Amino acid sequence: MIGKVRPLVLAAALVVAGVATADPAEAATTLGASAAAKGRFFGAAVANSHLGEAAYATTLDREFNSVTPENEMKWDATEPNPGQFTFGAADNIVNHARGHGQSLRGHTLVWHNQLPGWVNQITTGSALMTAMQRHINGVAGHYRGQIAYWDVVNEAFADGTGGGLRSSIWTQRLGFNTGWIEQAFRLARTADPNAKLCYNDYNTDGQNAKSNAVFNMVRDFKARGVPIDCVGFQSHLNINGVPGDYQANLQRFANLGVDVQITELDIGGSNFTTQANNYRTVVQACLNVSRCNRIVTWGVTDKYSWRASSTPLLFDGNFNKKPAYNSVLAVLNS
Ligand code: G3I
């Protein structure tokens, strides 16, 4: 009896001690492969203008198995004039990803930023709704069957304690209620029935007024059969670290019956040890939530980050692996 129990006790002791019990020779050596072994994807935001740079493309294709176009699928890029769609740059990224077996996140169909001027000049709710319908049909329809997850609506909620929608052309023309968001999800489902549909936002990484408001919308959508499949947590974090309830917040959304994803992860900081610890916390939290099935960093290298001065990514400006890279890989392999 005692003899049968002993190996279990030993294994438990090793786990408690944090000692990896897997054969190190079996551990994968890239972010994508290690994430795949855990049933996840590990991705990066990609800029079409850098794909021609050998070190950029090599790093992307070696390490990442999910791709999000950083700007190329946004409204100003895809429909610069009413009803005239331009997909050259986005198609280039999609073709690259498909050629390298990388899964795609579409970003983003409805947002208040990076709108072409003509959308901002629409003066009536009905005209804006018509434009939204044409845009979702045009873009999600163009990529029908090729996008795993779409950010259907991005950043619709306000910061601060109010817990409501942000003031933008959308709320100003269509109202401070989630009806137009619901409509966007219904249109996206029709345009690309096999894509999973996400609501995506920032400053929703812990429980606060903003994430509570998103939570209430998702709960309402699920209760009424509005087609939402996923919530994206951008997680643009800084050296102050990760909210203490980060994992609990992911879990409460997952409990609503949606996938949760870390969609735009970057963690600013010149202290690379602290940064590595924060990255570890985020990735471990995602691994602890079974419906957290994808982590995407908002770029490949610090060199081209939207906040390059805070060096927030896993590869430095010379495409060298940073301490944060090593901590992420270790957690994925743990
Ligand atoms: O394309 C023009 C180019 O023609 C021009 O010469 C150049 C001059 O500055 O600007 C170029 O456009 C820039 C564009 O990125 C492409 O590089 C814009 O000025 C610049 O504002 C834009 O920034 C993007 C930002 O969204 C705009 O809101 C960032 O690259 C992009 O990383 C960032 O991504 C957002 C997510 O979509 C949503 N969540 C927050 C995240 C970070 O802000």
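This is a predicted model, so every value here is computed, not measured. Just so you know, ligand 1 is whichever comes first in the structure, and atom 1 is the first atom listed for that ligand. For this chain, numbers begin at 1 and follow the sequence in order.
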Exercise. So which pairs with a foot in residues 271-307 pass disulfide bond (SG atoms under 2.5 Å apart), sequence neighbours left out?
Worked result: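 Counting only pairs at least two positions apart or across chains, the disulfide bond (SG atoms under 2.5 Å apart) contacts touching residues 271-307 are Cys286-Cys292.
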My question is simple, although I want it checked carefully: is [atom] less than 4.0 angstrom from any protein heavy atom?
atom	result
atom 1 (O) of ligand 1	no
atom 36 (C) of ligand 1	yes
atom 7 (C) of ligand 1	no
atom 4 (O) of ligand 1	no
atom 11 (C) of ligand 1	no
atom 15 (O) of ligand 1	yes

Exercise. Does ligand 1 have a heavy atom under 4.0 Å from the side chain of Tyr202, from its backbone, from both, or from neither?
Worked result: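 Contact part for Tyr202 vs ligand 1: neither.
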Exercise. Using a heavy-atom cut-off of under 4.0 Å, does the side chain or the backbone of Thr108 touch ligand 1, or both, or neither?
Worked result: neither
Protein heavy atom at shortest distance from [atom]:
atom	answer
atom 38 (C) of ligand 1	Glu155 OE2, 3.2 Å
atom 26 (O) of ligand 1	Lys74 NZ, 3.2 Å
atom 31 (C) of ligand 1	Glu70 OE2, 3.4 Å
atom 34 (O) of ligand 1	Trp298 NE1, 3.2 Å

For this session: Treating Ile, Leu, Val, Met, Phe, Trp and Tyr as nodes and any side-chain heavy-atom pair under 4.5 angstrom as an edge, say whether Phe272 and Val328 lie in one connected cluster.
Result: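 Result: no, two separate clusters.
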Problem set entry | Lys/Arg-Asp/Glu bridge criterion (N-O < 4.0 Å) met for Arg189, Asp229 | yes
Exercise. Salt bridge check: are Asp192 and Arg144 linked by an N-O gap of less than 4.0 Å?
Worked result: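 The answer is no: the pair does not qualify as a salt bridge.
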Say whether [X] and [Y], considering side chains only, have a donor N or O and an acceptor N or O under 3.5 Å apart.
X	Y	answer
Asp61	Gln102	yes
Glu70	Tyr304	no
Ser235	Asp205	yes
Gln207	Asn212	no
Gln251	Asn288	no

Problem set entry | Nearest-option assignment for atom 25 (C) of ligand 1, heavy atoms, candidates Glu264, Arg307, Gln114 |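 Of the listed residues, Gln114 has the closest heavy atom.
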For this session: For atom 24 (C) of ligand 1, state which one of Asn113, Asn71, Asn48 supplies the nearest heavy atom.
Result: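 Selected option, by shortest heavy-atom distance: Asn71.
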Mark up the atoms of ligand 1 that fall under 4.0 Å of a heavy atom belonging to [X], in ascending order.
X	result
His236	40 (C), 41 (C)
Asn154	38 (C)
Gln234	39 (N), 40 (C)

For this session: Measure up the Trp150 and Tyr143 rings against each other and bin them: parallel (under 30°), tilted (30 to 60°), perpendicular (over 60°).
Result: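 If you compare the ring of Trp150 with that of Tyr143, the planes turn out tilted.
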Exercise. What about the rings of His236 and Tyr202, do their centers lie closer together than 6.0 Å?
Worked result: no
